Amino acid sequence: MSSHNTYPERKNSLALPVILLTSGLFLLLSYTLLSIEQAGGLAAQVQSALPKSGAESPVTAVLLNFRGYDTLLEVMVLFLSILGAWSIGRASLPQALIKTSTIQISCVRLLIPLMILIAFYLVWQGTRFAGGAFQGGSILAAAGVLLLVSDFPKLIQIHSIHLRLGFILGPVTFILIAFYCIFTNKTFMAYPAAIVSQLLLFIEIACAISIGLTLAALFAGGRPAQESSIAQRKGSTL
Amino acid sequence: MITTLIYSVTGIALFCMGFTALILCSHLLRKILAINFMASGVFLLLITTAYSPDPALLDPVPQAMVLTGIVVSVSTTALALVLACRVQETTGSAVFKRLLPFRKNKGQKD
């Protein structure tokens, strides 16, 4: 029994008061917005500290250096969400292979290497212009989604341990580098000045791979369906 | 100034529209969409505070925060969708009103 399309829309007496209240909230928030005095922002501080940050783009410098905690926690949130999705259910990937059209297969074969190339170009450029781990990661995720909807035969045979390692690559690299800073600079996440740009690039590449894999796995919606059968097959051949 | 104001007020309006829909809509998918609306409103408001007519004074901090927020919003939406799918599978309905009184549910026992 699917009630996707034909569920009865609630006709309740709550509608009018709620709309009135949220309109009041709108007016209140707008009034607050108008009464905020312009403080000028943090642009000057960021600009003055930029040479020390190891990145030429101010947004990347803020993301990975000045507010590195935010990004670390964000990568953790992404990891937690895939953890939640995997513990709730299995991905509903087709068990039997669907016949995908030849045109789609060849298009995907052409596109995937190009997308991976562009993703890493974006990560590489992230230290200078707009771009970085998240933009590159989302393109990697798009490549993964394209593979998922094209039903590539190899894809359902990927053992989940590879995916698991990919998910933790970003967070673990980030945390290890942050702890490494304790030994060199006595402060958590205070990168040593000599190799700061290399460290940032390391973090960005690891995070991009993790973000791409995680988003694509979230699209699949659960842990791999055939995990147990593959494990059995491997066990029987050994 | 007036352009910034238009964007900010639009952001607040999106937030309030999403909030209204979150309370009034009973389908879980619509609730998730409503939360996304609210998030978009907040992002629009935040990114507008970063704007400055002088390119040297563009504030990178709100931009970085919005970038972080977008990724968090995407991942929470994905988790919420997985949960909503599970609710639909288990109870046969993803309408929130019917979920609360479990006794009145369609009698599916598994």
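A, B, ... follow the sequence lines: proteins, then strands. Residue 1 opens every chain. Just so we're clear, the structure is a prediction, and the values are computed from it rather than from any experiment.
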Could you look at A:Leu21 and say if it's the side chain, the backbone, both or neither that has a heavy atom under 4.5 Å from chain B?
neither
Trace of the side chain to side chain contact (heavy atoms under 4.5 Å, CB included) decision for B:Val61 with B:Met65:
CA-CA 6 Å; B:Val61 179; B:Met65 284 164 81; 4.0 Å; yes
As an exercise, state the distance from CD1 of B:Ile35 to OG of B:Ser40, rounded to the nearest 0.5 Å.
12.0 Å
Heavy-atom contact with chain B under 4.5 Å, split by part of A:Leu33
side chain
d(B:Leu33 CG, B:Met38 CE) to nearest 0.5 Å is 13.0 Å
Tell me, for A:Leu215 versus chain B, whether the close heavy atoms (under 4.5 Å) come from the side chain, the backbone, both or neither.
side chain
At a 4.5 Å cut-off on heavy atoms, which part of B:Leu58 comes close to chain A: side chain, backbone, both, or neither?
backbone
Can you tell me how far the CG atom of A:Leu199 sits from the OG1 atom of A:Thr173, to the nearest 0.5 Å?
11.0 Å
Please classify the contact between A:Gln135 and chain B as side chain, backbone, both or neither, with a heavy-atom cut-off of under 4.5 Å.
side chain
Answer yes if the ring centres of A:Tyr69 and A:Phe188 are under 6.0 angstrom apart, and no otherwise.
yes
Counting only heavy atoms closer than 4.5 Å, note whether A:Val59 contacts chain B via side chain, backbone, both or neither.
both
Assert top hit (heavy-atom pairs under 4.5 Å, partner chain B, pool A:Ser138, A:Pro58, A:Ser23) equals A:Pro58
CZ of A:Phe134 to CD1 of A:Ile211, rounded to nearest 0.5 Å, is 4.5 Å
Which atoms of B:Leu45 are under 4.5 Å from chain A, going by heavy atoms: the side chain, the backbone, both sets, or neither?
side chain
Which of B:Thr76, B:Val9, B:Thr68, B:Leu67 touches chain A most, by non-hydrogen pairs under 4.5 Å:
B:Thr68
Most contacts with chain B, counted as non-hydrogen pairs under 4.5 angstrom, among A:Ile82, A:Thr71, A:Val77, A:Leu63:
A:Leu63
Among side-chain atoms of B:Thr49 and B:Asp59, is any donor-acceptor pair under 3.5 angstrom?
no
So which of A:Leu80, A:Leu42, A:Leu218 has the largest heavy-atom pair count under 4.5 angstrom toward chain B?
A:Leu42
Would you give the length of the straight line joining atom OG1 of A:Thr60 to atom CD of A:Glu204, rounded to the nearest 0.5 angstrom?
5.5 Å
Side chain / backbone / both / neither for A:Phe26 at chain B, heavy atoms under 4.5 Å
both
